[in-house]
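Taking it in order: structure first as structure tokens, then the write-up.
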There are 2 protein chains.
Amino acid sequence: MASKERIQRLKEDTRANILEAAFKIVKKESWQALSMRKIADEIEYTAPIIYEYFANKEAILQELTKKGYIILSADLQAAKDKHNLPAKQLEAMWLAYWDFAFAEKELYQLMYGVQVNCCVFEKDFPEIQNPANLLWDVIKVLMAGTNPTEDDICRRYYTFWSVVHGLVSINIVKKGVSDKLNQQILRDAITAIIKSITGYFFFVIT
Amino acid sequence: MASKERIQRLKEDTRANILEAAFKIVKKESWQALSMRKIADEIEYTAPIIYEYFANKEAILQELTKKGYIILSADLQAAKDKHNLPAKQLEAMWLAYWDFAFAEKELYQLMYGVQVNCCVFEKDFPEIQNPANLLWDVIKVLMAGTNPTEDDICRRYYTFWSVVHGLVSINIVKKGVSDKLNQQILRDAITAIIKSITGYFFFVIT
DNA sequence: TAATTTTTTTAACGGTGTTAGATTATTTAC
DNA sequence: GTAAATAATCTAACACCGTTAAAAAAATTA
């Protein structure tokens, strides 16, 4: 009987609807605001029905994470295909990675464990700026010879911070990388940026 | 009456105990596992008592975040004080930042919105590796002339990823930085690393 | 039409953050 | 020292959460 297949299709539809509803809620509200009951409301069912399609909430998140990786892969491939030279390809791919992160901000958060709700209270609490200021000051001194603008210092500060924070978060979230490798990457990057500031040398990772 | 002050001290003690208990739970379990009732259990009170000392759970997290920033500031200052040359100071400070992140992993997570629970299911789901493989392959091609080991490629991959992911997360979590500045930092960094790989040029952020 | 199977819902469990009101303990005033 | 006032603490509840078991409704098969 062909109705079996029709029913199968309907089930797949509902499954897709659940994912769609979940994603819709997250985009309108946030990941923390996502609940099984809200999803159920959105698809006009009651909550337990979702468990006919997904083992639990985690499984829904995993499916959406998967979706993120698939989109990102496609974006990277497309970026690569636009160029022939490997250097140009790589540049385009990282820019595509960047674009993906903001075009699909919610998916990116899910994929790489980036929270949003943290420390939005900088005005109530000036100590937050202290670490930044300490680093900022030293960078300023280091650059003193080159008469830098505030923007110049800012860029250096963020470059440093990005490298270090990026490496840190990758290590906290995905604890696969070896410590030795990390330390080497970290030291190389720091040395390179410092040298680029002082103007003596260059970013040669050996 | 001096008992007023004694009572004041006792209240401050309890406040500190709450923070301590919260932190203890987080270190033993995780941020998600932290609940008002668990804190209350730990300090041997009932949950509503906590609201005499903190407006809500968020306020407790804020206080711990504050603690994180204070420790980090002290670490950075100490690192700076160990050197005279600005370049050495800066290097020491970023290494101290790194050390802080892992010595106080929980605080770092709180301060910079780094989740842990995400995507621990790489084996169930190979698509996760796709983006990494795509980038990896191009880096490999780009480095082909220099007979790189797997480790060499790995280091380049992580260097790229750290810079981009770091910049992305900073922008998602703290949305203060201007788009123009970001794009410039991003492009500079990518170009610099690519040039360092091809060996033609150097990391000169101008 | 009757029996069977599938789909969906209701009700509940134990958990969460949070609040109002009752209760207990402590301090003040006489 | 007892009574009144104040402070500290708890109980009970609310509305929410993820999840499950069992009942009810709907659809399919015989």
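Just so it is clear, the model here is predicted, and its values are computed rather than measured. A note on names: the letters A, B, ... follow the listed sequences, proteins ahead of strands, and every chain is numbered from 1.
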For atom [atom1] of [X] and atom [atom2] of [N], their distance in whole Å:
| X | N | atom1 | atom2 | result |
| --- | --- | --- | --- | --- |
| B:Met36 | D:dC17 | CE | C1' | 17 Å |
| B:Ile50 | D:dT9 | CD1 | P | 12 Å |
| B:Ile25 | C:dT16 | CD1 | C1' | 14 Å |
| B:Ile49 | C:dA25 | CD1 | C1' | 12 Å |
| B:Trp31 | C:dG17 | CH2 | P | 13 Å |
| A:Leu34 | D:dG18 | CG | P | 7 Å |
| A:Leu10 | D:dT28 | CG | P | 10 Å |
| B:Glu52 | D:dC10 | CD | C1' | 11 Å |

How would you label the contact of [X] with the nucleic acid (heavy atoms, under 4.0 Å): base, sugar-phosphate, or nothing?
| X | value |
| --- | --- |
| B:Ile60 | nothing |
| B:Ile39 | nothing |
| A:Tyr51 | base |

Upstream residue (5' side of DNA chain C) when A:Arg37 and A:Tyr53 are each assigned their closest nucleotide |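 Closest to the 5' end, via its nearest nucleotide, is A:Tyr53.
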Can the ring centres of B:Tyr53 and B:Tyr45 be said to be less than 6.0 Å apart?
->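 That pair fails the under 6.0 Å test.
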Verify the ring-centre separation between A:Phe100 and A:Tyr69: is it less than 6.0 angstrom?
-> no
By nearest atom, which of the nucleotides [options] is closest to the [X] side chain?
| X | options | value |
| --- | --- | --- |
| B:Ser35 | C:dT16, C:dT18, C:dT19 | C:dT16 |
| A:Asn56 | C:dT18, D:dT19, C:dT8 | D:dT19 |
| B:Thr46 | D:dC10, D:dT19, C:dT18 | D:dC10 |
| B:Ala47 | D:dT11, C:dA11, C:dT18 | C:dT18 |
| A:Pro48 | D:dT9, D:dC17, C:dA11 | C:dA11 |

Return the minimal non-hydrogen interatomic distance between B:Ala87 and A:Ile194, and the atom names on each side.
-> O-CD1, 3.5 Å
How close do B:Ala22 and B:Ile39 get, heavy atom to heavy atom, and via which atoms?
->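 Closest approach of B:Ala22 to B:Ile39: CB-CD1, 3.8 Å.
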How far apart are the C-alpha atoms of A:Tyr112 and B:Trp161, what are their side-chain angles, what is the distance that settles it, and do they pass the ring-ring contact (aromatic ring centres under 6.0 Å, His included) test?
-> CA-CA 12 Å; A:Tyr112 298 110; B:Trp161 191 17; 5.8 Å; yes
Let me know, please, whether A:Lys57 or B:Glu44 comes out on the 5' side of the other along DNA chain D by nearest nucleotide.
->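 Closer to the 5' end of DNA chain D: B:Glu44.
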